[in-house]
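What follows is one structure encoded as structure tokens, with my remarks underneath.
Naming: A, B, ... by sequence-line order, numbering from 1 per chain. Note that the coordinates shown come from a computational prediction; the quantities given were computed from them, not determined experimentally.
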2 protein chains.
Amino acid sequence: MFKLSKMADYSIVLLSRMSKAEDLLSTSELAEETQLSEATVAKIMRLLVKAEIVSSIRGAQGGYRLAVLPENLSAGDIITAIDGPKALTACTDDGAGECILIKNSAMAMRLQKINGAVKNALHNISLKDLYV
Amino acid sequence: MFKLSKMADYSIVLLSRMSKAEDLLSTSELAEETQLSEATVAKIMRLLVKAEIVSSIRGAQGGYRLAVLPENLSAGDIITAIDGPKALTACTDDGAGECILIKNSAMAMRLQKINGAVKNALHNISLKDLYV
DNA sequence: ATAAACCATACCAATTTTGTATGATTTATA
DNA sequence: TATAAATCATACAAAATTGGTATGGTTTAT
Ligand code: FES
Ligand code: FES
């Protein structure tokens with residue numbers, strides 16, 4: 001039905017691993033433990049840092065650490081961080097794109113219902129639910 | 001977050017139009033009213049027929065008609081019909097593909113939670129909710 | 001100073017999605 | 001029964017997205 005992107009999947013694996021560790025974890029450590037390439041791990045971690053889901057320490061002996069408690073981190077937050085905050089419908093992507101099918105589209109509002117329902121559902125699942 | 005495919009979006013527009021009509025609607029009529037190309041409408045209608053969401057009458061004077069009451073047709077049904085019944089996670093696509101990251105993956109079961117939540121949410125929205 | 005790490009960006013390859021084209025089959029009707 | 005109106009089946013190319021990698025720059029402990 002809705003396919004979770006590989007990247008989002010990977011990120012859940014990484015975050016699950018991080019929720020076990022108290023100390024910092026570097027890209028190479030994470031890559032080794034998860035069998036992902038360093039480049040891929042690095043790409044994902046950058047997105048998670050931007051979304052303030054993990055915090056980073058630069059320089060030697062640096063690494064990443066969860067910035068949020070697993071029970072306060074929702075699946076929706078994670079997926080949004082990785083795949084972007086694109087709306088559910090193509091029509092409401094941005095205000096610029098006119099709706100071709102229905103003028104002054106009331107349809108768009110209806111589709112927001114779908115989007116809202118999905119968002120809500122994913123908001124109610126925490127990383128802790130996924131990991132424990 | 002989750003992007004509704006254009007095809008699924010189109011299909012909701014088409015089904016909304018059909019829920020207004022008592023009589024049969026042909027591909028060309030639907031195309032004209034929705035501003036979609038006939039080929040695209042035809043492609044979508046075939047999928048909806050296969051999913052038994054609409055019924056079709058072949059031959060001259062033929063066309064399509066809703067096979068289900070709008071209040072009994074869920075967004076999940078529609079999206080599944082158009083985009084396929086792919087699972088939410090890449091890992092659980094089919095039994096054949098081994099999980100590379102975590103052996104004997106318990107993770108897959110966790111990800112089913114996400115899938116289940118989304119499915120459930122979309123099951124609770126009917127075409128009538130979207131159209132009315 | 002050096003090495004270990006994160007950061008930023010750009011890029012190509014692979015996959016998926018969109019959209020169209022072509023021909024075959026069915027059936028109402030003149 | 002011939003014709004036209006319509007669905008059905010399949011195949012395919014173009015476009016968009018996603019997955020994954022490479023390169024070079026910046027920060028910081030030792
Ligand atoms: S085109 Fe899909 S809502 Fe307007
Ligand atoms: S690789 Fe994603 S659950 Fe195993």
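Remark: A/S37 is in phosphate contact with D/dT21, judged by side-chain N or O atoms under 4.0 Å from OP1 or OP2. The phosphate of C/dA4 (OP1 or OP2) has no side-chain N or O of A/S28 nearer than 4.0 angstrom. For A/T40, no side-chain nitrogen or oxygen approaches OP1 or OP2 of D/dG19 to under 4.0 Å.
Taking every side-chain heavy atom of A/M7 into account, D/dG20 is the closest of C/dG19, D/dG20, D/dC8. In the set C/dT20, D/dA9, D/dG20, D/dG20 carries the atom at the smallest distance from any side-chain atom of A/Y10. For A/Q61, the listed nucleotide lying nearest its side chain is D/dA29; candidates were C/dC6, C/dT20, D/dA29.
Side-chain atoms of A/L127 and A/D77, non-hydrogen and from C-beta on, never get closer than 4.5 Å to each other. The shortest side-chain heavy-atom distance between A/L69 and A/L73 does not fall under the 4.5 Å cut-off. The shortest distance between side-chain heavy atoms of B/Y10 and B/T34 does not fall below 4.5 Å. With contacts defined as side-chain heavy-atom distances shorter than 4.5 Å, the pair B/N124/B/D129 does not qualify.
Rounded to whole Å, the distance from NZ on B/K6 to C1' on C/dG19 is 10 Å. Atoms CZ (B/R46) and C1' (C/dG19) sit 12 Å apart, rounded to a whole Å. Between A/L24 atom CG and D/dA29 atom P there is a gap of 11 Å when expressed in whole angstrom units. Atom pair B/E38:CD and C/dT22:C1' shows a separation of 15 Å (rounding to whole Å applied). If you take CD1 of B/I82 and P of C/dT16, they are 18 Å apart, rounded to a whole angstrom. Rounding to whole angstrom units, CE of residue A/M45 and P of C/dA8 are separated by 14 Å. Straight-line distance from the CG atom of A/L25 to the P atom of C/dA4: 18 Å, rounded to whole Å. Per the geometry, CD belonging to A/E29 stands 7 Å off P belonging to C/dA5, to the nearest Å.
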Using distance only, find each side-chain donor-acceptor pair of residues 17-27 of chain A under 3.5 Å and give its atom names and separation, not counting sequence neighbours.
unit_1: A/R17; atom_1: NE; unit_2: A/E33; atom_2: OE1; d: 2.4
unit_1: A/R17; atom_1: NH2; unit_2: A/E33; atom_2: OE1; d: 3.3
unit_1: A/R17; atom_1: NH2; unit_2: A/E33; atom_2: OE2; d: 3.2
unit_1: A/S19; atom_1: OG; unit_2: A/S16; atom_2: O; d: 2.7
unit_1: A/S26; atom_1: OG; unit_2: A/S28; atom_2: OG; d: 3.1
unit_1: A/S26; atom_1: OG; unit_2: A/E29; atom_2: N; d: 3.2
unit_1: A/S26; atom_1: OG; unit_2: A/E29; atom_2: OE1; d: 3.4

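Among the heavy atoms of the strands lying under 4.0 Å from A/T27 are primed sugar atoms or P, OP1, OP2 only; no base atom is included.
Rounding to the nearest 0.5 angstrom, the gap separating the CD1 atom in A/I82 from the CG atom in A/L15 is 7.5 Å.
Using a 4.0 Å cutoff on non-hydrogen atoms, the parts of residues 49-60 of chain B near DNA chain C are B/R58, B/G59, B/A60, ordered by number.
Evaluation of the side chain to side chain donor-acceptor pair (under 3.5 Å) rule for A/S55 yields no partner, not counting sequence neighbours.
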